[in-house]
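Chain identifiers are assigned alphabetically (A, B, ...) following the order of the sequence lines, protein sequences preceding nucleic acid strands; residue numbering begins at 1 within each chain.
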Protein chains: 2
Amino acid sequence: MNTVTRSGLRERKKQRTRDALLRVALELFTTQGYEDTTVDEIAEGVDVSQRTFFRYFAGKEDAAFAVQEIAHTQFVAAVRERPLDEAPLEALRNAVLEGWDTIGEAVEQVVPIDLYLRMCRLTEATPALLAAHLRRNDEVAEEVARVIAEREGLDVDTDPRPRVAVAVFAGVIRVMERLWGANEGLGLPELRALTATYLDAVGPVLAEKWRTE
Amino acid sequence: MNTVTRSGLRERKKQRTRDALLRVALELFTTQGYEDTTVDEIAEGVDVSQRTFFRYFAGKEDAAFAVQEIAHTQFVAAVRERPLDEAPLEALRNAVLEGWDTIGEAVEQVVPIDLYLRMCRLTEATPALLAAHLRRNDEVAEEVARVIAEREGLDVDTDPRPRVAVAVFAGVIRVMERLWGANEGLGLPELRALTATYLDAVGPVLAEKWRTE
DNA sequence: AGGCTAATGACAGCCACTGACAATTGACAA
DNA sequence: TTGTCAATTGTCAGTGGCTGTCATTAGCCT
């Protein structure tokens with residue numbers, strides 16, 4: 001005769017194991033490098049078998065991006081909730097800037113924010129991780145393109161504009177990521193500012209001539 | 001001392017081995033899938049040891065992109081040789097369109113062009129390959145950004161415009177790649193036309209409002 | 001308490017990839 | 001032509017990511 005514990009002991013235990021694996025994984029990745037960290041080390045650090053690690057994560061890579069996925073989910077949701085009177089690129093811009101403001105608390109519920117930022121840097125510096133990151137970005141772009149198309153009442157497979165708009169936007173974000181990865185010690189506020197600066201650069205880029213003399 | 005004698009028996013033999021490995025690899029990839037093809041199978045198909053395969057290619061992935069790299073190299077070269085009076089995006093556009101016209105002969109010297117096109121489709125459909133492809137694109141983008149910056153006499157680390165321009169361009173190309181991958185049976189001419197169409201869509205995308213009613 | 005089921009560990013095996021060393025084979029000069 | 005040198009290759013052993021299988025453990029429910 002137990003009060004209906006919505007979250008059984010089982011569920012809580014699973015959650016704790018997953019969190020522990022994630023934290024240990026990111027900690028090891030960021031301190032000794034992604035390639036130089038074995039799954040056995042991670043599992044050992046949480047005192048579970050290697051097999052258990054693979055029951056929680058599809059692979060090493062999956063653990064590396066578990067936190068990033070929070071950011072992606074949040075961004076897509078933000079785009080969905082933008083007022084309909086905003087133009088597409090305006091909505092994307094506002095959504096990403098809003099994201100920089102709220103990402104902190106969202107991430108902090110799983111791992112320290114500092115760990116997340118270090119992981120981002122590592123991604124930029126590790127070829128295998130960068131490749132995976134770009135592919136995930138590509139998937140998010142497709143999802144966002146569908147959202148934009150729906151906002152504008154367009155068919156994403158007929159009208160090229162939604163996908164092109166998102167591609168342009170994603171490209172600029174990517175440039176910003178690269179820049180951030182290259183410069184040591186830029187925090188979230190600087191990131192926000194950089195994003196705005198780079199998005200503002202899109203207009204001038206399309207001008208015919210850049211040279212003034 | 002003859003400097004011309006690049007054609008030692010040794011050199012020719014090596015070249016033949018490499019070509020054979022490449023052809024067999026792509027043939028197997030495109031017929032039975034990338035993941036379902038083992039390096040042992042490829043090596044066996046050329047009658048060399050697995051170890052030898054890894055002496056010619058850094059990995060399975062490397063073989064999959066050996067041909068694509070020809071296209072990349074050619075594109076970068078084309079951008080470099082564009083007349084200086086063309087605006088940045090104009091130069092990129094012309095370079096890529098010119099690339100579609102000449103890619104055929106360049107590729108055909110190594111593998112049948114049809115094999116290359118099938119490989120491109122496979123890349124789009126195989127997550128691991130798509131990730132690697134996007135990373136390589138990213139590298140090319142950085143290289144091209146430096147070329148554009150030099151053309152315009154700008155410092156690529158100070159002025160955001162070269163990288164942003166290339167990112168916008170690369171984004172549009174990516175959208176086109178995805179579209180091409182989704183539609184069966186589009187050949188090179190259609191690809192060329194699609195590229196032009198999508199590049200033309202960039203301007204309208206930046207307009208404030210898309211909805212006309 | 002005892003049966004049911006989900007979570008785990010232990011083990012075997014596949015595949016990509018690497019280092020080391022010995023065998024082979026083209027290149028080149030005596 | 002032959003012997004020496006260096007490049008190419010094969011063999012073998014080993015590491016690490018990842019999966020299937022099966023027995024064991026541990027939460028849950030009556």
Side-chain angles (χ1 to χ4, degrees), chain A residues 1-22 24-26 28-29 32-66 122 126-129 131-132 135, chain B residues 1-22 24-26 28-29 32-66 122 126-129 131-132 135:
Chain A
M1 181 162 345
N2 213 336
T3 42
V4 186
T5 43
R6 278 284 298 147
S7 52
L9 174 61
R10 227 177 206 162
E11 291 302 316
R12 262 177 294 133
K13 215 172 176 181
K14 272 208 306 185
Q15 193 58 48
R16 255 189 293 126
T17 306
R18 206 194 114 98
D19 287 356
L21 280 170
L22 198 51
V24 170
L26 297 195
L28 288 174
F29 289 162
Q32 56 184 354
Y34 176 73
E35 319 268 16
D36 291 336
T37 301
T38 67
V39 174
D40 289 279
E41 278 179 292
I42 301 169
E44 199 177 339
V46 186
D47 208 62
V48 295
S49 70
Q50 190 218 47
R51 195 67 183 82
T52 293
F53 173 91
F54 285 110
R55 287 203 175 93
Y56 283 95
F57 300 96
K60 231 170 95 171
E61 189 192 291
D62 218 60
F65 289 105
L122 182 64
T126 309
L129 287 181
R135 187 174 60 79
Chain B
M1 276 293 191
N2 30 10
T3 41
V4 187
T5 307
R6 265 286 179 255
S7 57
L9 174 60
R10 227 171 203 164
E11 291 300 318
R12 262 178 294 136
K13 215 171 176 180
K14 270 205 314 186
Q15 193 58 48
R16 255 188 293 127
T17 307
R18 207 194 113 100
D19 287 355
L21 281 171
L22 199 51
V24 170
L26 297 195
L28 288 175
F29 290 163
Q32 58 184 348
Y34 176 74
E35 318 269 15
D36 292 336
T37 301
T38 67
V39 174
D40 289 278
E41 278 179 292
I42 301 168
E44 198 177 339
V46 186
D47 207 61
V48 295
S49 71
Q50 189 216 49
R51 196 66 182 81
T52 293
F53 173 91
F54 286 110
R55 287 201 175 95
Y56 283 95
F57 300 96
K60 232 169 92 171
E61 189 192 292
D62 219 59
F65 289 106
L122 183 64
T126 310
L129 287 180
R135 186 174 60 79

Angle, rounded to 10°, between the helical axes spanning five pairs at each terminus of the helix from dA1(C)-dT30(D) to dA30(C)-dT1(D)?
-> 0°
From CZ of Phe54(B) across to C1' of dC15(C) the rounded distance in Å is 9 Å
Of all the nucleotides listed (dA27(C), dA16(C), dG27(D)), which has the minimum atom distance to the side chain of Arg10(A)?
-> dG27(D)
Between Glu35(A) (CD) and dA16(C) (P), how many Å, whole number?
-> 17 Å
Among the nucleotides dA26(D), dC17(C), dT9(D), which one has an atom lying closest to any side-chain atom of Thr52(B)?
-> dT9(D)
With nearest nucleotides of DNA chain D determined for Arg55(A) and Tyr34(A) from heavy-atom distances, which residue corresponds to the more 5′ nucleotide?
-> Tyr34(A)
Hey, what do you get for CD (Gln50(A)) to CD (Glu41(A)), rounding to the nearest 0.5 Å?
-> 12.0 Å
Check every atom of dA16(C), dT9(D), dT8(D) against the side chain of Thr17(B) and return the nucleotide holding the closest atom.
-> dT9(D)
For Lys14(A) and dA6(C), give me the distance from atom NZ to atom C1', rounded to whole Å.
-> 8 Å
By salt bridge (Lys or Arg N to Asp or Glu O under 4.0 Å), Asp62(A) pairs with (sequence neighbours left out) Arg136(A)
From Leu26(B) atom CG to Tyr34(B) atom OH, the distance as rounded to the nearest 0.5 Å | 11.0 Å
Spacing between Phe57(B) atom CZ and dA16(C) atom P, to the nearest angstrom = 15 Å
Any Lys13(A) side-chain nitrogen or oxygen under 4.0 Å from OP1 or OP2 of dA7(C) = no
Out of curiosity, Lys60(B) NZ to Phe53(B) CZ, how far, rounded to the nearest 0.5 Å?
-> 8.5 Å
Can you tell me how far the CZ atom of Arg18(B) sits from the OG1 atom of Thr52(B), to the nearest 0.5 Å?
-> 14.0 Å
Taken to the nearest whole Å, CZ/Phe29(B) to C1'/dC15(C) is 13 Å
Rounded to whole Å, the CZ-P distance (Phe53(B) to dC15(C)) equals 15 Å
For the student: nearest non-hydrogen atoms of Val24(A) and Ile42(A), plus distance = CG1-O, 3.9 Å
Whole angstrom value for the distance that separates P of dC15(C) from CG of Asp36(B) = 10 Å
Where is the tightest heavy-atom contact between Phe57(B) and Ala63(B), given as atom of each residue plus distance?
-> CD2-CA, 3.7 Å
Assign each of Gln50(A) and Arg51(B) to its nearest nucleotide of DNA chain D by heavy atoms, then name whichever residue's nucleotide is nearer the 5' end.
-> Arg51(B)
Separation of dC15(C) atom P from Lys60(B) atom NZ, nearest Å, is 10 Å
Quick one: is Tyr56(A) getting a side-chain N or O under 4.0 Å of the dA7(C) phosphate, OP1 or OP2?
-> no
